[in-house]
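Shown next, in structure tokens, is the structure this report addresses.
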Amino acid sequence: MCGIVGYTGPRNSVQPIIEGLSRLEYRGYDSAGICLKLGGKLEILKKEGKLDNLRGLLAQTNPTSQVGIGHTRWATHGAVNNDNAHPHGNEEYAVVHNGIIENASVLKKELQAEGWVFKSQTDSEVFLVLLTKFAKTEGSTLKAIARAFNTIHGNSAFVIMEKATDQLYCVKRSAPMVCGINLTNREVFFSSDPFALVGFAPDIFFPQDSVIGRGTITETKAQIEFFELDLTPSTRFRGQANAISIDATTKGHYEHFMLKEIHEQPALMEKLAAWAIKGQGQSVYNGLKGKEPSFFHITACGTAWHAGLVIKNFFEKFNRIRCNVEIASEFRYREPNLKKDEVGLFISQSGETADTLACQELCHEKGLKTFSVVNTEGSTLFRQCDENFLIHAGMEIGVASTKAFTQQVLTGYLMSMGYAGKLMSVDVYQEIKVLSDRVAAICEDAQTIKAIAEKLYQKKGFIFTGRGVYFPIALEGALKLKEIAYVHAEGYAAGELKHGPIALIDDNMVNIALLGPELFDKALSNVEEVKARRGLIFAIGPKGHSELKAVSDMVYELDFNGLPNLATIMVNVVLQLLSYHIALLKGTDIDKPRNLAKSVTVE
Ligand code: G6P
């Protein structure tokens with residue numbers, strides 16, 4: 001979703017701000033803007049569309065300013081246009097905002113009645129106007145920020161610059177904010193994502209909710225101070241070295257981040273297994289033995305929800321723990337029946353998904369223990385949960401999640417084995433090793449999958465089917481395809497096909513049938529039902545089954561031997577590559593698909 005980058009220091013702020021914003025493009029956005037100080041005045045340049053449009057504007061004058069704030073906006077309040085793009089500013093202040101001000105319309109009416117004029121339809125401008133109004137009465141920017149922040153409701157992060165000084169300010173509630181400092185270069189950076197600061201700020205700080213950060217540059221030093229809303233100094237922030245590798249910022253020799261991330265999977269699986277089984281993670285996973293909760297409430301969104309559906313099978317099969325897996329935006333408003341001895345388990349790549357966070361809050365309020373399966377250490381979810389199971393996927397830039405899904409499923413499996421006291425058995429490590437080798441072989445075989453994509457990419461629609469553990473994979477395969485190739489795709493439990501969706505089958509409809517050794521004959525009957533209605537069948541299944549070959553138009557054969565529990569991940573990688581190649585043939589923006597955001601920080 002929206003991205004923020006602010007800079008104050010000795011160099012031209014345009015370069016680090018635009019570089020930072022370009023790194024945040026992966027989060028999804030529809031307009032971009034920057035505020036600079038030119039000739040002592042705050043000047044805003046902003047443009048609907050991609051960051052290149054803003055680059056074009058900047059290229060006309062090549063402005064230089066030692067302080068600036070930039071933003072990529074993903075529209076919530078107000079249409080996508082230049083006026084609604086951030087920053088919002090006036091003579092005295094400029095602000096960039098992520099999140100939603102829930103009482104914006106009431107406040108706006110009150111402010112308009114007082115004679116304040118608004119230039120946009122955004123909720124964000126309400127904060128600018130409040131700040132400007134309070135600065136007149138309070139006589140200090142810090143006090144005005146505190147008052148304005150206390151007046152608004154909802155989850156938000158702001159970065160503010162002012163005409164009066166070259167200082168930058170930030171404040172946030174349940175939205176990500178990171179402050180970076182480069183003491184050698186005398187520079188301060190504020191951003192919504194530490195990824196924007198890699199290579200710029202070696203030291204980063206995460207302020208907690210309702211803490212105001214202020215960045216100041218003097219002749220001799222750069223400093224960041226933190227204040228409570230009553231303006232007393234705050235210690236509610238966490239400092240650390242920025243751990244993200246600079247490699248994460250580039251695609252290497254791959255055409256897209258998504259492809260790079262698919263190819264990273266074999267190494268990541270082995271790394272996670274080594275960490276959890278033989279390394280520092282051992283105590284966490286072994287410590288689960290004998291501590292099974294009576295019930296897991298698993299909630300997540302999108303791909304992470306699909307991972308939850310796979311994980312449920314592990315907990316129920318190996319640990320006999322009852323589970324409910326639910327879409328976070330449903331769970332939170334359903335008044336679920338929650339009991340204190342149960343555990344809320346939240347799965348999220350970013351750890352910032354608003355609906356998932358709300359579910360964690362709900363479970364916490366009801367007295368349940370809360371666990372996360374999360375990629376981003378230090379994210380809001382990570383900080384709020386009682387226990388965290390890091391998936392160690394590294395930065396995921398492609399909006400369509402690939403390696404995070406794999407690592408989430410694997411983490412769930414390791415948890416399940418931990419509860420069962422089987423983590424150290426040779427079989428667990430061995431199976432992950434076999435999986436890693438098989439996935440590496442699939443990645444090497446991209447040409448075969450590309451050839452299949454060529455036969456399929458112009459078809460009208462796709463129905464992915466699977467039974468048992470392959471049903472969540474069918475859902476995930478369909479989601480991936482619609483996300484990046486913009487074609488209609490649905491995932492169905494294969495046995496459910498005849499209860500409605502089979503009416504869609506004709507010779508322009510593709511059935512991507514997922515079959516494993518389990519329930520093979522049943523799944524094969526479902527394929528035959530589709531064939532009888534002239535559907536085009538691409539089957540992914542165990543090798544050596546002549547009847548599957550006979551009934552299918554295309555088959556991708558896989559070796560399921562040695563993978564009694566984790567074959568779902570292998571099958572899913574075939575689907576990741578298939579979606580990728582179909583999208584490539586369709587010429588879509590694979591890493592930044594239209595209308596989508598990587599991290600959905602609003603509900
Ligand atoms: C967005 C992304 C999906 C992702 C979902 C959940 O919708 O486009 O790829 O699965 O959010 O994100 P999370 O960060 O919570 O895993």
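What you see is a predicted model, and the numbers here were worked out from it, not measured in a lab. Counting convention: from 1, in listed order, for ligands and their atoms alike.
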CD of Glu361 to OG of Ser174, rounded to nearest 0.5 Å, is 6.5 Å
Notebook entry, point to check: Do ligand 1 and Thr353 have nitrogen or oxygen atoms that lie under 3.5 Å from each other?
Noted result: yes
| message | Are any of the N/O atoms on Thr356, whether in the backbone or the side chain, positioned under 3.5 angstrom from an N/O atom of ligand 1? | response | no
Of all protein heavy atoms, the one nearest atom 11 (O) of ligand 1 is Lys598 O, 3.8 Å
Do Ala597 and ligand 1 have an N or O pair less than 3.5 Å apart?
yes
If we number the atoms of ligand 1 from 1 as shown, the ones under 4.0 Å from a heavy atom of Gln349 are 13 (P), 14 (O), 15 (O), 16 (O)
Counting from 1 in the order shown, the ligand 1 atoms closer than 4.0 Å to a non-hydrogen atom of Ser350 are 13 (P), 14 (O), 15 (O)
For this session: Would you mind reporting whether Met258 and Lys480 have side-chain heavy atoms less than 4.5 Å apart?
Result: yes
CZ (Arg27) and OG1 (Thr72) are apart, to the nearest 0.5 Å, by 8.0 Å
For the aromatic rings, using the six-membered ring if either is Trp, is the centroid distance between His306 and Phe405 under 6.0 Å? no
Nearest non-hydrogen protein atom to atom 6 (C) of ligand 1, with distance, is Cys301 O, 3.3 Å
One should read off an interatomic distance between Ile512 CD1 and Leu578 CG, to the nearest 0.5 angstrom, of 5.0 Å
Next on the checklist: I'd like to know whether the aromatic ring centres of His256 and Tyr254 sit less than 6.0 Å apart in this structure.
Outcome noted: no
query = Is there a nitrogen or oxygen of Val399 sitting under 3.5 Å from a nitrogen or oxygen of ligand 1?
reply = yes
The side chain to side chain donor-acceptor pair (under 3.5 Å) partners of Ser156 (sequence neighbours excluded) come to His97
Q) Are any of the heavy atoms in Glu483 under 4.0 Å away from ligand 1? A) yes
Atoms of ligand 1 under 4.0 Å from any heavy atom of Val600, numbered from 1 in the order shown, are 1 (C), 7 (O)
Ranking Asp355, Val374, Thr303 by closest non-hydrogen atom to atom 4 (C) of ligand 1, top hit is Thr303
Residue set satisfying salt bridge (Lys or Arg N to Asp or Glu O under 4.0 Å) with Arg236, at least two apart, ordered chain then number -> Glu228
